[in-house]
Structure formats: C-alpha cells, structure tokens
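See below for the structure under consideration.
Here the structure is a predicted model, which is why all the values come from computation and not from measurement. Letters A, B, ... mirror the listed sequences (proteins, then strands); counts begin at 1.
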Amino acid sequence: MTEFGRRHLMQLVAASAALAGLSGCGPSETPEKMTPRVDQAPGETAGEASYVATAVVQEGFATGAILQHRMARPVKLEGNPDHPASLGAADAPMQGTVLDLYDPGRSAAVLSGGQIADWNRLALALAEKRRQWSKDGGTGLRILTGSISSPSLAAQLAALSQQYPAARWHSWEPLSRDNVAAGARLAFGKPVDALPQFDKADIVLGIESDAISAAPGHLAFARAFGARRRAAETGSGKMSRVYAIEATPTLLGAAADHRFALKPAEIELALRAIAAAVDAGPAEWRGSERPGWVDAVARDLAAHHGAALVHAGPEQSPAIHALACAINAALGAPLRHIEPVAADAPGLAELAAEMHDGKVETLLILGVNPAYDAPADLGFVEALKRVALSIELATHVDETAQLATFHVPALHMFEDWSDARAFDGTATILQPQIRPLVPGHSAPAMLALLAGTQDFSARDLVQDTWRQRVSGDFAAAWSGWLRKGVVDNTAAADAAVTLRRDFATALPKPAQTASALTVLLRPDPFLRDGAQANNGWLQELPRPFTRLTWDNAALIAPATAGRLGIASEELVDIARGGGKKVRLAAMVLPGQAEGVVTLSLGYGRRAIGAVGEGVGSDAGVLRVSTAPWQADDATLHATGQTYPLATTQQHQTMDGRDIVRTFSVDDLPKAAAAPERASLYPPYPKGDNAWGMAISLGSCIGCGACTAACQAENNIPVVGREQVMRGRAMHWIRVDRYWSDDVANPGARFQPVPCMHCEDAPCEVVCPVDATVHDTDGLNVMVYNRCVGTRFCANNCPYKVRRFNFFGYSGRDPRPAMSWNPDVTVRDRGVMEKCTYCIQRIRETKIAADRDNRPITDGEAKTACQQACPTEAIVFGDLNDAESAVRKRKASPLDYALLEELNTRPRTTYAAHVRNPNPEIKEG
Amino acid sequence: MSGLAAEFAAEAALVEAAGRLRQAGLRRIEAYTPYPVEALDDFLPRPRAILPVLVFAAGILGLAGGFLLQWYGAAVSYPLDIGGRPPASWPAFIPIAFEIAVLGAVTAGFIGFFALAGLPAPYQPIALLPGFERASQDRFFLVVDEADPRFAAADVASILGGFPCRVVPWRP
Amino acid sequence: MTAIEPAPVMLPGQDLATIDRAVGDAVLRPATPLWWWGGFTIAVAFTGLFILAVEYLFIAGVGIWGIDIPVAWGFAIANYVWWIGIASGGTIISALFYLTQSEWRSAVNRIAESMTLFAAAAAAIMPILHLGRPSFFYWLFPIPNTMGLWPQFKSPLLWDFFAILAYVTASVLFWFLGLLPDLAMVRDRATTRGSRVFYGIAAMGWTGSHRQWRLHKSAYGLLAALMAPLVISVHSIVGLDFSGGLLPGWHSTQFSPFFVFGAVLSGFATVLLLVIPLRRLYRLEAFITQRHLDLLVTFLLLCSLLLAYSYFIDALLPFYGDDKFERATQLHRFTGDWAWSYWGAWSLNVVAPQILWVRALRRDWLICLIAFGVVVGMWLERIMLVASSLYEDFLPSSWGHYVPTLWDWLILFGSAGMAAAGFFLFLRYLPVLAAYELKEILPPPSRHGESQG
Amino acid sequence: MVFVIGWVGPSTGWATRVGYPVNQPVPFSHQHHVGGLGLDCRFCHTTVETSATAGMPPTYTCMTCHSQLWTNADVLAPVRASLKTDQPIEWVRVNQLPDYVYFNHSIHIAKGIGCATCHGRIDQMPLTEKAASLRMSWCVDCHRDPRPNLRPHDAVFDMGWQRSKDTPSGDQLVAQYHIKGAAELTSCSVCHR
C-alpha cells in the first residue's frame, strides 16, 4: 500500500514528463508526395528560382518587370533594372499584379445574362455578324478599350478598320491624362508628352504633381528626384529645392521644402502670377493681392534658368498645364518632349452618344469597366441597354459584365503574349509567365475573332508586328529582347515644340467659382481606378498620408472640419449639385487646402469579388465628363452616424521626441568620430558578414513600395479590416508618417521602420525558449517553429516591429497555396514574426558564395524593400565590407540610430531628413 | 511493542506521570497526545534530529544543481547569442537556482518527515488499544514497553496508580 | 499593536472536546448546509463558464482577446499576477507568523493556506492560457529533447515559471503537512465507514505519538522557514517579469518590493473576506475572535501604507529623473485611456482602507466591503501596470489602444469561480481550523477533554 | 521507467521511422540500380550539386533504359502509364523534413559530406528507407563538429567509402573546404527562415 503510494506518485510525475517528451515526436503524419515532371522543363531547376522578364501595363503604359519563378510559377514581381520606367524599382500596384494572377475571384467562364454560357454561342453570334459586316463594312460595330500603347494591338485595330471601314474604335481611361494633352495643345498647338529630368533640376515646382507617385515613368522620375534630395547626404552634387502648390497632399508635396496649400481656383492664379514673373505671360497676370511667396518662388525659378522645372498633375485643368508648359519654355526647363506614346482615339462621350442614338449594334468592351467608372452624365448603363450585342472581356465578373450580353473571362497580362510601350516610348515584349490559370481570352484574340482570323496566335501577332522593324537576324534580336525585357532603341525621339504666339490670349479666363466647398476626385494611391480592388495586398497597404486601409474617406482640412463641425470617422453625405450622393466617413487630414474635400476613386466596387466588393464607397458617381476631377458646387451633410476607419497609425505627431531628425542643408552636422557606446557586455564572436541597413529619410518619399515588396516576398498574410482596426496589421516594414508640429501648414515626414536588428536586442533576452536569438552575422533571427507565443518580445521591442499571429491569418488568406514563396515559412497561429532582412535571400547568397569558396560581393544580397524602393532610400549590405554601399551611407554625419539612448545598438540606422528651404520665404 | 498503557484525561497528569516513570529509570516510554506536548521532551527518548540536516543538504544540492543546469544548458550544451549577453551570466541564473534550491529543500523536508515518521502506514497496532481513537482528540496515552530492562508490571502499575488515569495491560 | 487591552485570542470556556466538536463535526455532519450548496452551485456555474471560455480559446486562439500590438499582454497576465498575489498573502499568514510564533495565527492559518492553494492553482493556469501555442508550454521545462535545445535561462518569464512551479508544489506540501494531525482527528471521530476509509487513507496512519509530534514540529518549522522566503522571492520574480523589460513604467528597480506589498495586501484582504462570514456560518466566534479581525485589519492597513509608499515613489521618480519616456508614461497613467484603473488602484487600495483606523468603524460588513474593494483594486493595479505601459511607449507611430473582449472577462470571472469551487470543497470536507494548534494554545488548565465518568 | 519511455521513446525507430521501408508506386530498388548496375547518384538526382533539392528523375530518365529493358514488366506499368498519360509518378517521400527546415543539398556536397552519411547504404536497400533520424539534435551534432563526416571530393558519391590512413584528416578537410566554425554552423538561421 505505502509502496504503491510512493510509486504511484512518482509515476504521475514521470507521466507528465513523458508526455512532454513524446508529444510531437511520434511518426510523422501523412507522408509527403514527390511528383517529378514526366519530362524535364528546360531551364528549370527544382528548388532554385528562375527569373523571366516581362512588363506590367498600367493605364496603357508599360513598366519593366522581372518575375521570380519557383518550379515554373511566378511568385514575386521585381522591377527590371534594364527598363527605363523601372530601373529595378517596382511600385505597389505593380507588385500586386502577381496576387491578381492567382486571385481566386477571377472570372473563369463565359457568361450570358449571369448564366454560364457556351463559348460557341458567342462564336456563332459573331460569325453571323461577320457575314453582315463584310457587307456593310462593319456598321454599328464599336470597340472600346483602355488607353493603348501596344504596337501590335494598334496594328490589329488598324487592320480591323481597313477590314470594316464603318467600325469605330473608342478608348476610355478613367484616369486619363487628357488634360495634359489639352494643355500642350493650348501651349504648343499639338499634344506632346513632357518628361521632367529631375537629375538636371535644381528647382522643382510641383502643381499637385504626380511625377514621383503615379505619372507614367514615376519610378524613374523618383529615382532621379531622390538622388538630388540625397545630395547633401552623399556629398555628391547640389541638393535640389522643391516647391509644391497643391490643394491635397501629394508625395512630391511631402518631399517639398516649401508647400503651399491652395484651393484649385487659387492655384491657377498663383501660377499665372509666376508665369508673368518669369516673362511667360502678360504682366497683368501678376495680380494685385498675391501672397508674398509667389514672387520669391518666381525669382528662384528665374534665377535657375535651364535648371528649374514645373510639373503639374493630370487632374489639373488644361489651362494650368498650358501655363506650366509656358513657364517651362521660358525657363528652358530640363524636360524632354516626345510624341504621345498612347494611341489617340475618340473617347467614351462620343460612344455613349451614339449608343443612346441606337447607332451601336455590336459593342466589344476590352478590359475596361465603364458600367462602374463612366462619368455619371453619360448614362452609360442606360446606353448599354440599347446595344443589341455587347461583349465584355474582363478578368473579373464586374459591373459591366452584369449588363453585357456576353462576358468573356480575360487572361491576365502574365498569361499571354503581348507588347506595350513605356512612358518614354521604349517597347517591351510581354511574354507569358504561366499557362493560363483560367480558360480565358486575350484582347488580341477577341479582335482576331472579329476579324475572323483562323487559328490566331498572339505570339505570331506580336512577332509579325516587330519583324518588320528589324533588319537582320530577327530570332536573335527577339530572344535578346525577351531576355532583356526591352526592345532595343525603341525610345521615342524628341519632339520639337514652340510656344504658340497667341498662347496668352488663347488661354481661357480663369473660372471665378467662389464655392464654399470643392470636392476633389482623385485616384486612390494603390487601387488607382479600382481595377485592382480585389487585391488584398493593395487594400491593406496603408495610404501614405492617411495610413488608412480597406476604405476611402472624405479628407478634410482641420480648419474646414472645425468650420463644418465634423470630426474624423463621422459619416457624411457628399453630393454634386442635386446629383447622386456618396456616403463615407470623414477624416481630418492636415495638409488639405481649406474648403477642399478629397475623395479617392476606385472604391465601392459593386461587383469584382469577395475581397473588393463593398469596400469603401464609390466616389465615381460624382464624376461628370466635363469635370471628372473636381466638383465645385458640392454639398456636404453630416449624418450624425459614425463609422470606424481602419488606420494603422493612431498618433500623428512626434510629440517633440527625437525620432525623425531634420536638418537644414545650410547647417548640417559636422562629421564627428562617433564615440563607441559603452556596454556592459563583452563583444560576441561574429561571423564572416555583419548585415546592416541604412535608410535615407531625405530620399524616402513614402510611396509604400517597400511594404508591398516585403508582403509579397515574405508571405505576409492579409488580415482584413476588422483585424487592422484591432491593431493587428502584419506588415514587417511599416512607413510611419509624422506631421511636423507646424499646425498651419504641416509637412509630412516619412520613416520606414523594419526590424532594427539590434546587436543588444531587448526582445531576445526576455524570450523563455530561445525562439528569437542572434546569429553570427548579427541578424536578430526569429525561429517561428520554436516560438510558444509569450509575446514578451513584442512588448519589449521599443520599435514595435514585431507582429503576432493572433489568429491563423495565413490559413484564412484566400490566395492559393501555389502562390506563396516556398523559401519562406508560412507562419502558424500563435507565433511571433518580424522582419528578417530577407534571411532567405541572404542564405541563398551565402550558400552560393560558400559553395564556390568566394566572398559575397556588395549588392549580391538585396532585401525586397531595398530592391523595390524607387529612390534607393534603403541600402542593405555587409558592414564588414569596407567598400560596401551601406558602410558608406553609415559614414555620413547625418546617420543616426533610432532611440539610440536605449543603447540597443541597431543595425538599421537612418540618415536624417535634410531640407533646402528658401531663406526668402518664411511661411510654408 | 507491548506492555502497560495508561489513559489520561489531562495533559498535566500525563507529564507528571511520565516524569515519575523516568525517575524510576524507565526509558522505553511513548506518549500519544492530541497535540504536541513539549514538556514530555525531558522524559521521553529523543531521536537525533536529522531532518534539518537533510533539508539543508537538499537545499544546497538544489542550489548547486540549479546553477549547473543553467550553466550547462546556456554556456556548454548550446551556447547562443542572446541579445549580446554573455552565455554564462551567473547573475541571471540566481533566481532559478534559488527556486530549485527551495523546492528541493521543501520536498526533502516533506518526504523526510514521512520517511522518519514511518508514514504512510495505515496499520498502527496501537490503534487497537480500546479508546485509543480519542488519543487524537481529548485523551492522553502513555505506553511503557515491557521490553524495557527496568520494566516490572507491578512497579509501573503502582507508579501510574498514583495518577488519575486508567491503566490497561496492552498486547497488540 | 492596535488594541489597548487586547481581546483574547480564544474566548474562555473552550476545552479539547469543544474544539474537536467545532472543527471535526463541521466536516462529519451528515447534512450539508444550504449556504454551502448555494455558494458551491454558483462557483461551479462560473467554473463551467471558465471551461467554456478556455475551450473556445484553444479552438480559436488568443485573438479572441482584446490584446493587439502594442498591447500584447492583457488580462491573462494581470489575472496571473493578481491571483499569485492573493495566494502569497495566505502563505505569509501561515508561514511568517508561525515563525514569529504568533498564537492568533492558529485560528486562521488553515483557511489562509487553503485559500493560497486554490488561488495559486488559478494563477498557475493563466500563463499557459496566455501562450499563443499553449500545447508547447512544456518547452519551458529543461528536459532532454529531440531538438537538443534548452529553455532560455536569462528570461524573467522562465524565472517566473520555476518560481510558480516551486511555489505551488511547496504550498501543497506545506498545507498537507499541517493538515495531517487534524485528518487523524477527523478519522477518529468519523462514524460512517466511508469517511473512516477516506480520512483513514488521508491521515496516512498518524497516531500522535510523541515521536511523530517531534518530527512534525521540526518538519513544519523547516517548511515554514522555507515558505517565507519562497513567497517573497516568488512575487519579487513576478515583479521582474515587468522590470526585466525596458518599457517606461516597467523598467523600475522597486518593482519587486512593490509587488510583494501589493500581494500581501490582497492576501490579507481575501483572508478577511473569507474569515468574517465563515466565523458566523461555522459558529467559530469562539476561536476567530475580534482580536483576529483587529490584527488582520492592522496588517491590512500596514500593507496599504507600504503600497501607498510604492505608488508614491513610482509616480515621483519619473519626474525626479530626466527620462522623457518615463514621464510621458506616468502622465498617460494619470490621464490616459486607463487612468481610471490607476486612480481606482489608488482609491481602493490606499485611500479607502484608511477608514479602518477608526476602530469604531470596524464593523464586519464595512471591513468586508473594504477588503473586497482592495481585492478589486489590486486587480485594477495589475491591469493598469500591464496596459498603461504598453499602449503608449516609445514611438508615437505605434501607439495603440486596448479594449478587452467578453472572453477576457469570462476568463477572469471563470477563474474566480474555479478557485471558489475548490475552496467550497475544502470547507465541506476538510477541517477549516488547525484543531491541534488551537488545543496547543488552550490555557493549560483547560487542556483536557470532558471529565471521565 | 515512464521517464525512460518519455525520453528514449522519441529516438526509437518506431518514432523516427529509421529502417522502415516505404511502399512506392514502383518498387524501385537502389540496391539493384546503384549496388548492382553501379549507376551514379547524379544520373537520376541531377541537381544535387547545384540546388537545394537533389531532384527526382522525370519519367523520361527511367525510360532511357526501360524503353529497351523490361519493356513489359508489370512492376514498371506505372512508369509506362506515366509516359502515356503524361501524368507524373507520385513517389512517397522517405526523408521528410518539416516545412520550417531549409536543407540545401548542394552546399553539403560541396563541403564533402557523403550521400551515405545521411542516406545510409542506399546501394544495399532493395526498398528505400530512412537511414537517420533527421532530428534536430542529429543535424546539430554534425554542425558542431563535421570533421568525422568529411570526405575528399571524389568520395562524396562513393557508397562504400571508408576512412583510410591516407585520407586527409578532418581538420585538413575543414581547412580545405573553408568550413565555418560551430558557432556559425549552429546559428538558427542556417536552417530556419
């Protein structure tokens, strides 16, 4: 009995220990299968990545991209260093296209009246039509596309109009740059594209400019722009000075040394005054009561003849663009003028009119969605009802698909052959990256169907288009283009422009609208026109200024909000005249001009898929074809209800803390030998490499490309609006945005914050299970599979860069398994995660170098954020390598460690923000 | 053991009686009381106190073991760079070493007590003594072992007879 | 001491038999009183809720709680610290005052120890529930494993793991050791076969021989001498869980004593909260006298003042030093989202108890009320320390909020129900007073049973 | 004794599956192909020197011989079926690592670790079976001190190779291959990402 007692006790103790030992250590569950190919695909190595060049086409323009493939499926998009529009960088929407490719919400069947239809029905219907068209030359046939720069598609359309003379092609680009062309017509009498050359610009004046945020070629512009903003830091060349005049914040405005928030009407007056001051317009334009800074800016511009330029955003009126052209002409601004890259075609208004008149019998809609984004006044939806046979080609069953007679699933741009031109005219061949994931069709294929071409092949089409353009060995040239991702010397030639003599008089008088409230309708920074609204990455990527996700809001200046008695998250109704109203939450945003409300387009999709439908509200209903960007006669009514907005940043200023350091270019800190910080701890034996990162706050423009790249590279799950509101966003690198304390005209300071990889990391010491430790390269590694989830590390991280899987986010993420990056562990519920400096890339490089016993060269291992950054603000490398770029960056006296008083010894350091203000100007 | 048992109603008498028996040179006496009666210490046999030694030893062992465990685990078996701290940082090992020491000591004290007291032992012959169930409540028992060299039933009985108690010869 | 002429520790008219009747019969009486059933049912109901909440927690994950980034710790940790604090109060009473040989302890130590036991049990569960992957909690044991890995011995959390391990084990052993002779007493009074067997086994053959008593006394003394430093160390280490971090408001050298003060305060409050009704329900006025209440109240006041000192220092130092983060956090505590918890802690733990200096006001109901206030106040202090340091720390960009969910509250109240259920079982089936110790402190003349005849 | 089960249990063959042959769609015999015919590992596992994964042979590789030999053997039916239907053969993984472990074959080959060191005497296995536990502790043992397992380059693919007195010593090989120290090789990031 007693014996039993003792033994029993012992066994109880033992049993628990035994369980501990056993659990999870039995035979592994269902064994994996290995499925080799039947026949080895050429150039494919299991377990290794391969890279294929192509391009992403946005609003008609191509940006070169390189897709990283794993076992012949694209998992990550990177910029193409050889492509003029990318230079290796990639913006967020571009990177999102990979997710679009795998979007489970993609349309996969021909639909007719909402029912799955047989492709042959459509084919027969068209065959019938063809017979008729061959007789009447295509009367009643209309083709609607987006803006097109594709030579082969243009050729196809040309051929089609030969075949059916009566047929017409219209183009509709919801985010059109028509005003730019119109402005050029006013100034030069012909449309031209003007390409700013920021590398040559000492003075930049941005009129709500999208030059570094969205304009075609913005990545290239941003590269040059950033280099000039970093000049003081690198000591190379002269730092540029940037002015911005705008009604709503832009990235260029945030980077500006002087930013002036004006109402749209005032902007034109200011610009006229400047024009007059630089002799680009009559003296009376100077106006009587103009703010003091106008003259100062004008003087500064004039003083830098040949090195000063003005750039205006596409939403500005033709008059403003004309003025910009005139000023640039007067300044001899560093610009390149080229013939327009996008093919010109009659627009949607004309088409809608014909449709209303019943002149349109057959309408082929290729990759545009007018039922969602057509201006309200065109009544496109009603017009479409009057078209006997309407066929829509789209990747999703969208708003138009539900009205068209036939909806045809479109191939993703990575699934078929095509070509497109970049902002400077450079052409790229888009080659298919993967066998189509859905039984879809491409735009060329649809056009071929109209033409009745037998066994059409997009590849042949593209090749034929380009074959005429080369003399000699086409095959060699072709493979060269494909490898490089660029068709050699296709860049557009300069176009000679001269300012019209009657320019000043021809300019329409400035509109004298004295409205209390002006509503600006602007593309969303990431969703743009909403075509990518079903993309979780883009929906959850915090907007640069608002840090808002999963919603659009009515952005109101603090003063205006006060005047109207409106607080953030209060639901408001906004209407144009008596027209349709849009209801959405207000958000008080410093930097907005007084009396100006900004709404983002691209939200409130009624049909696109589970992710995007019903997210935000459709501000597009306020657009009219005559004034698509702005409503002067707008009314705003508070509903009294509130609606929580999912922002990732709760507190907007630095509270006087030393977080983003700012210096004026005139009094930069002197280079001083940094005193070695004292530490109680003995130095650790280190390995061959010491990885570190330097981030230049001066050249960070806050575009968020780094966050997007990180999300794509590191399998970061999308958590959804509700979880973001609960402070559980998972981004490994966040871009903090602080408003400078100047309440009147606050400047935004952006600060990308990845893991600091502290050498004396506070997170590691508190982990009870060695789940986060240092490796010999000085990386603060996070071992997910060892983590038990005490979360002490997250508490103890002063930079709050650690993210926790409160739920099984990866499991909930709708993206298919094949789309994840196989080189990065997909994290399970209950484990901590954080930035790893892209350890998988580091390991790959180290192993490759170690395999053939050579040292790692600088830049061989790039982090995803560094790679995507358009301005090269982020530099990563080996601190042991005296010649490495990162070492040079850190040598700058501007270099500092965030919260360095905590003595955590971060490997990630920042170069202070440098401003180059005009001493003549006090305000702004 | 067997011999003579006496049942008292009050502590005072028991102690006095024990004293007298002791004077009479009897050694092998055991008392059963509802609560510890310290006065008996002078008259009853005193086992050597090894429990404190045991507990102390266990404590020291725990302390040493604790330090050894941590040092081996952190500095020898799998040394890792934890936030740049030295692998064998003894100050950080103090708390755990201390806790293990205390745990060891307490467990030793507990187990030691039962071992020395011969417990658990559900069968206790003495419990067969009529009325003994009150030994844990409000009665005091004195048992003289006949194995004692000086034991003479008559003498013991006469000594005990001088007290307010019920004397019964006892055989298990 | 408070009393001018101290009330007696035990009312006159008691002898060995009356003690046994009071203690033993309460256990052995066939009929279970109604109040017990009432209380027990409620407790079990809450235990049910607890199990429900835990089930769902394991199914869905810790995301069901209000925690987020930056506030990655929430109720689970606050509850843990709170429970372990309550527990330590009991140990102090039974161990520390045993060493000081305070007679009055004998009447309340059993209740205090049992309370400790169930509070410690409730505390021990919390850290496991808190984990993101609770099934791997055993990775904190330094056992040989197929990974060849060890726990990270420099982590305060691991220190805490060992502390709680040692503390729970030691408490059980200490409690049982003290229980042993009384179990024997109950065994010998038992009339039904069932209870004879049950208590027979439980008493492990205790006879009360002088030899056993001597060993018992020495063992009990040794354990008491070990428990006292243990309990201090445990709560000091709990303090290190926070001050081991570098967060403003956590990174403080005074946390260990600070936490101990609070712990003892909540412990005394809980004991009062239990003792006052029990002495009525169990008719124990003779043993648990006004004297006991006075003493407990006095210690309550003492701890309350000690805590006040800690609060004061904690609030003062940031402004004495020049750490701007510390200052900001302290101001957040005064005025931020969770200011109510900060001022709640002040008023319930420090201000309110001071009323009891007025002896005339020491009515049972008022003492209970204030004791309950302290128990609540201590929980407020814990959650305040957890939340208010976390939601606004170094970088304003990552400041956040913390909004507990229903499941947070269920875990809190459920754990209380579970501890209560355990305590009710103790009340019904085990001697609630240390009978043998009471007998020991009887005035010598009355150290006898009923006269024979 | 329960302790013993708790601690020894996980290392038993039952738990690690060491020495348990696995049923495959085709009862492929390494013993016959390697031991008997003397095929080199790289004939089928072509990427072992260049890639993280050794690579599994495509059906065509089998057919280089079996379009001539044993053309209608029943055991090879699945292979022919694969070729006919263009469906890959689904082999069952024998040496399975958790998804959070990133093993790279090429570097181990480059640093002179023989196939047999981890995969055992494949050339003697009629049906392929696991030869090592692949437990973390097992991996780490070698990462702490690889010397006993290092081979000259020419011996890496040699199944029956034994150290002889004229093989260079472990230390010499460590120097020759520039193999990193234990601290670096036992860094978590070497295997976990």
- [ ] Select, from C:Ala163, C:Ala219, C:Ser155, the one with the greatest count of heavy-atom pairs under 4.5 Å involving chain B.
- [x] C:Ala163

Task: N/O donor-acceptor pair under 3.5 Å between C:Ser256 side chain and C:Ser236 backbone - done: yes

Open item on the list: Please classify the contact between C:Ile237 and chain B as side chain, backbone, both or neither, with a heavy-atom cut-off of under 4.5 Å.
Closed with: side chain

Task: Per-residue contact mode, B:Ile94 against chain C (heavy atom under 4.5 angstrom) - done: neither

Task: C:Phe162 ring center near B:Phe98 ring center (under 6.0 Å) - done: no

Task: Segment of B:Ile82 engaging chain C (4.5 angstrom heavy-atom cut-off) - done: side chain

Task: C:Leu226, part contacting chain B, at a heavy-atom distance under 4.5 Å - done: both

- [ ] Counting only heavy atoms closer than 4.5 Å, note whether C:Arg214 contacts chain B via side chain, backbone, both or neither.
- [x] side chain

TODO: Examine whether an atom of B:Gln124 lies under 4.5 Å from a heavy atom of chain C, and if so say whether it belongs to the side chain, the backbone or both; otherwise answer neither.
DONE: side chain

Task: Interchain contact, B:Ala127 with chain C, by part (heavy-atom threshold 4.5 Å) - done: neither

Open item on the list: Please classify the contact between B:Ile126 and chain C as side chain, backbone, both or neither, with a heavy-atom cut-off of under 4.5 Å.
Closed with: side chain

TODO: Pick whichever of B:Ser77, B:Ala135, B:Ala74 has the most heavy-atom pairs under 4.5 Å with chain C.
DONE: B:Ser77

TODO: Please answer whether the main-chain N or O of B:Arg46 pairs with a side-chain N or O of C:His210 as donor and acceptor at a distance below 3.5 Å.
DONE: no

Task: Segment of B:Pro125 engaging chain C (4.5 angstrom heavy-atom cut-off) - done: neither

Open item on the list: Side chains of C:Trp175 and C:Thr116: any donor to acceptor distance under 3.5 Å?
Closed with: no

Task: Most contacts with chain B, counted as non-hydrogen pairs under 4.5 angstrom, among C:Phe161, C:Tyr167, C:Phe176, C:Phe174 - done: C:Phe176

Open item on the list: Looking at C:Arg29, I'd like to know if its CZ atom is crowded, meaning that more than 12 non-hydrogen atoms belonging to other residues, nucleotides or ligands lie closer than 6.0 Å.
Closed with: yes

Task: Residue part contacting chain C, namely of B:Leu116, when any heavy atom lies under 4.5 Å - done: both

Open item on the list: Under 4.5 Å from any heavy atom of chain B, what part of C:Lys154 do you find: side chain, backbone, both or neither?
Closed with: both

TODO: Please determine, among B:Phe93, B:Tyr72, B:Phe56, B:Tyr123, the option with the most heavy-atom pairs under 4.5 Å with chain C.
DONE: B:Tyr72

TODO: Select, from C:Leu223, C:Thr207, C:Val234, the one with the greatest count of heavy-atom pairs under 4.5 Å involving chain B.
DONE: C:Thr207

Open item on the list: I'd like to know if the side chain of C:Trp159 reaches the main chain of B:Ile96, judged simply by a donor and an acceptor atom lying under 3.5 Å from each other, with no hydrogens or angles considered.
Closed with: no

Task: Any donor-acceptor N/O pair, C:Ser209 side chain to C:Gln212 backbone, under 3.5 Å - done: yes

Open item on the list: At a 4.5 Å cut-off on heavy atoms, which part of C:Glu437 comes close to chain B: side chain, backbone, both, or neither?
Closed with: neither

Task: Leading residue by heavy atom contact count with chain B [cutoff under 4.5 Å; candidates C:Arg189, C:Met227, C:Lys217] - done: C:Arg189

Open item on the list: Quick check on B:Phe110 against chain C: is it the side chain, the backbone, both or neither that has a heavy atom closer than 4.5 Å?
Closed with: both

TODO: Select one option (side chain, backbone, both, neither) describing which atoms of C:Leu222 are under 4.5 Å from chain B's heavy atoms.
DONE: side chain

Open item on the list: Looking at C:Trp206, is its backbone amide N or carbonyl O close enough to the side chain of C:Arg187 to form a donor-acceptor pair, meaning the two atoms are under 3.5 Å apart?
Closed with: yes

Task: Closest-packed option against chain B by number of heavy-atom pairs under 4.5 Å, given C:Leu438, C:Thr169, C:Leu230 - done: C:Leu230

TODO: Decide if atom NE2 of C:His251 counts as having more than 12 heavy atoms of other residues, nucleotides or ligands within a radius under 6.0 Å.
DONE: no

TODO: Could you tell me whether the side chain of C:Asp25 and the main chain of C:Leu28 form a donor-acceptor pair under 3.5 Å?
DONE: no

TODO: Flag the one option from B:Arg85, B:Glu133, B:Glu38 with the top tally of heavy-atom pairs under 4.5 Å to chain C.
DONE: B:Glu133

Task: Region of C:Leu180 that comes under 4.5 Å of a non-hydrogen atom in chain B - done: side chain

Task: Stepwise salt bridge (charged side-chain N to carboxylate O under 4.0 Å, His left out) test for C:Lys439 and C:Asp20 - done: CA-CA 9 Å; C:Lys439 292 172 183 175; C:Asp20 285 342; 2.8 Å; yes

Open item on the list: Please identify which of these residues, B:Phe140, B:Phe132, B:Phe141, meets the ring pair (Phe, Tyr, Trp, His ring centres under 6.0 Å) condition with B:Tyr32.
Closed with: B:Phe132

- [ ] State whether the side chain of B:Asp145 and the backbone N or O of B:Val143 hold a donor-acceptor pair below 3.5 Å, judged by distance alone.
- [x] no

Task: Exam field: side chain B:Gln137 to backbone B:Pro34, donor-acceptor pair closer than 3.5 Å - done: no

